[in-house]
K.L.:
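Attaching a single structure in structure tokens format; questions to follow.
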There are 2 protein chains.
Amino acid sequence: MDNYLSSVKNSCKLLKIFLNAPKELGVSELSRKLELSKGAVHKLLMTLESEGFIKQNPLNKQYSLGYTLLELGNKVLKNHNLVDFAKPYLQRLSEKTKELVCLCIIDGKDAIYVDKIDSKHPIRFNAEEYRRFPLYATSAARAILAFHDREFIDEVLADDLITFTPYSITESRMMQDRLEEIRKNGYEISSNLRNVGATGIAAPIFDAYGKVPASVSVIGPTDRMTPYQEQWVRELLQITREISQELGYREGR
Amino acid sequence: MDNYLSSVKNSCKLLKIFLNAPKELGVSELSRKLELSKGAVHKLLMTLESEGFIKQNPLNKQYSLGYTLLELGNKVLKNHNLVDFAKPYLQRLSEKTKELVCLCIIDGKDAIYVDKIDSKHPIRFNAEEYRRFPLYATSAARAILAFHDREFIDEVLADDLITFTPYSITESRMMQDRLEEIRKNGYEISSNLRNVGATGIAAPIFDAYGKVPASVSVIGPTDRMTPYQEQWVRELLQITREISQELGYREGR
DNA sequence: AACGTCGTTCTCATATAGAGAACGATAACA
DNA sequence: TGTTATCGTTCTCTATATGAGAACGACGTT
């Protein structure tokens, strides 16, 4: 750690601890998780609180994330014009399939669902919106990963493949084959990846540079998806083709 | 600035600059706005980028807010159980009035809309969701402010009252009278506060401690609201009474 | 009543933050 | 096509802010 501002890095890490923790945390607990002295953590919290990034509960003295983060997060969404751009297309797809429709983007070696339209069915799956997860872990993410450089893919698959259900692929070699298939077909179908009993169909969005920054996916219970599988693939590919074109993508270079 | 970590404070200020700025900003511009050397700002950005709080556009070298902020902002929402709690009540109110229904909370000397259900009418107003604004500036906020300590109110009104339309109250004295009226009636109606031609009706939510942490409001075009004014007030007060009770509030102590 | 743990405050040696100059790259202009 | 201005980035260096650690009072438990 030579080039970075250590206290800033600590403050970022502190905030991120809250992502996988209960709503409120105390100084001592944060101090342990950060491996930093209590005094230092306290000063961090005081500073972050003065800027609205952290809030202290006066009743139990514990700390939680502040509302300034809500503003900043919302600004991130507004900045990302693809979300507004794709909205009407997602809505069309949602009306046709009546299933959960998601817009997924790449960020570093992770994927994030940045928009979704819920299924109209009483039985349905929920996408973990705005949550970060690995690029190999869902169909939506794979549809993005498959169309990146071999070099980048290798880098992503070099990490241990974390699985969320017993059905997931854990072998880097098998994943490579899978991605090859996605490139061949132009879309991805898989079941039981993130939730057992769920099937996802996903297709990439190409931008003007031929890059794939995002994907659109349809997700639903497997038994409801299977009968319509081919139809939903057609609809999905139609939608992603339209979005890609409007982003300036020209097929075949 | 003695008790605070200066670099952390700077990093917070840096992030907040983006709230009222274009999507992307350069080092030099940020350096000017922060009144910090370019070198220092660059190191700040490098650190924030390494944690996903900032993203650099490789094409023009400019910086924008990172997706980690999206995750954190979403976590803030999930933490705030009032949002989930109030959702069904807001929906009921939305179905009855067909107008924009908002849930507004207090944060320091500001108010924030944390949830909304859009109007079904083709002509409608938009609430600036997740945006921070002064406690005197909208009917929803005033319905909260009115039920706070005289001391706190004085503190809020001591600042210069920023106005968004020519019709707003700018005199602290007049605002005090207005708040007195809200306390007497138990709700607030006002027009042309934030948008010309809009009327808002708002009522406070009381918690188990008798405090007012939030309000519910109905907002629509004045000419469409006026005929139903009394009816919407009744519906609104019914809803806020139910929410308050479920939060543990007992009327009359 | 004694103990453990909490959040907070304090001191102090040391690592580090931030100013400022210099860099190459790029864009604007004549 | 040079010239100039401005950009993002890198570097050095010293004053300073940082973070460890001990000590504090306040709770809650045993």
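Chain A is the first sequence line, chain B the second, and so forth, proteins listed ahead of strands; every chain is numbered from 1.
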K.L.:
Is there a donor-acceptor pair closer than 3.5 Å between any side-chain N or O of Thr68(A) and the backbone N or O of Glu51(A)?
P.N.:
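At least one qualifying donor-acceptor pair exists.
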K.L.:
Would you indicate what Gly26(A) reaches in the nucleic acid, counting non-hydrogen atoms under 4.0 angstrom: base, sugar-phosphate, or nothing?
P.N.:
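Since only primed, P, OP1 and OP2 atoms lie under 4.0 Å of Gly26(A), the category is sugar-phosphate.
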K.L.:
What is the nucleic acid contact for Gln56(A), judged by heavy atoms within less than 4.0 Å: base, sugar-phosphate only, or nothing?
P.N.:
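It contacts sugar-phosphate atoms only.
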K.L.:
Is a donor-acceptor pair below 3.5 Å formed from side chain Lys38(B) to base dG8(D), judging by atom type as modelled?
P.N.:
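Present.
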K.L.:
Considering only dT8(C), dC7(D), dC6(C), which nucleotide approaches the side chain of Arg32(B) most closely?
P.N.:
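Of the options given, the side chain of Arg32(B) lies nearest dC7(D).
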K.L.:
Is there a side-chain contact (heavy atoms from CB on, under 4.5 Å) between Tyr67(A) and Ile105(B)? Walk through the geometry before answering.
P.N.:
CA-CA 10 Å; Tyr67(A) 292 102; Ile105(B) 63 158; 3.3 Å; yes
K.L.:
Would you indicate what Ser7(A) reaches in the nucleic acid, counting non-hydrogen atoms under 4.0 angstrom: base, sugar-phosphate, or nothing?
P.N.:
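Answer is sugar-phosphate: Ser7(A) comes under 4.0 Å of backbone atoms only.
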K.L.:
So, are Glu188(B) and Arg178(B) salt-bridged, with charged N and O less than 4.0 Å apart?
P.N.:
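Salt bridge present between Glu188(B) and Arg178(B).
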K.L.:
Using the side-chain heavy atoms of Leu5(A), tell me which of these nucleotides is nearest: dG8(D), dT18(D), dA17(C).
P.N.:
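The nucleotide sitting nearest to the side chain is dA17(C).
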K.L.:
Examine dT8(C): is either OP1 or OP2 under 4.0 Å from a nitrogen or oxygen in the side chain of Tyr63(A)? Give yes or no.
P.N.:
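True: Tyr63(A) side-chain N/O within range (under 4.0 Å) of dT8(C) OP1/OP2.
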K.L.:
Could you verify whether a donor N or O on one side chain and an acceptor N or O on the other, from Glu24(B) and Asn79(A), lie under 3.5 Å apart?
P.N.:
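No - no donor-acceptor pair under 3.5 Å links their side chains.
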K.L.:
Taking the minimum atom-to-atom distance to the side chain of Ser6(B), which one of dG18(C), dT9(C), dG19(D) wins?
P.N.:
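Taking heavy atoms from C-beta onward, the closest nucleotide is dG18(C).
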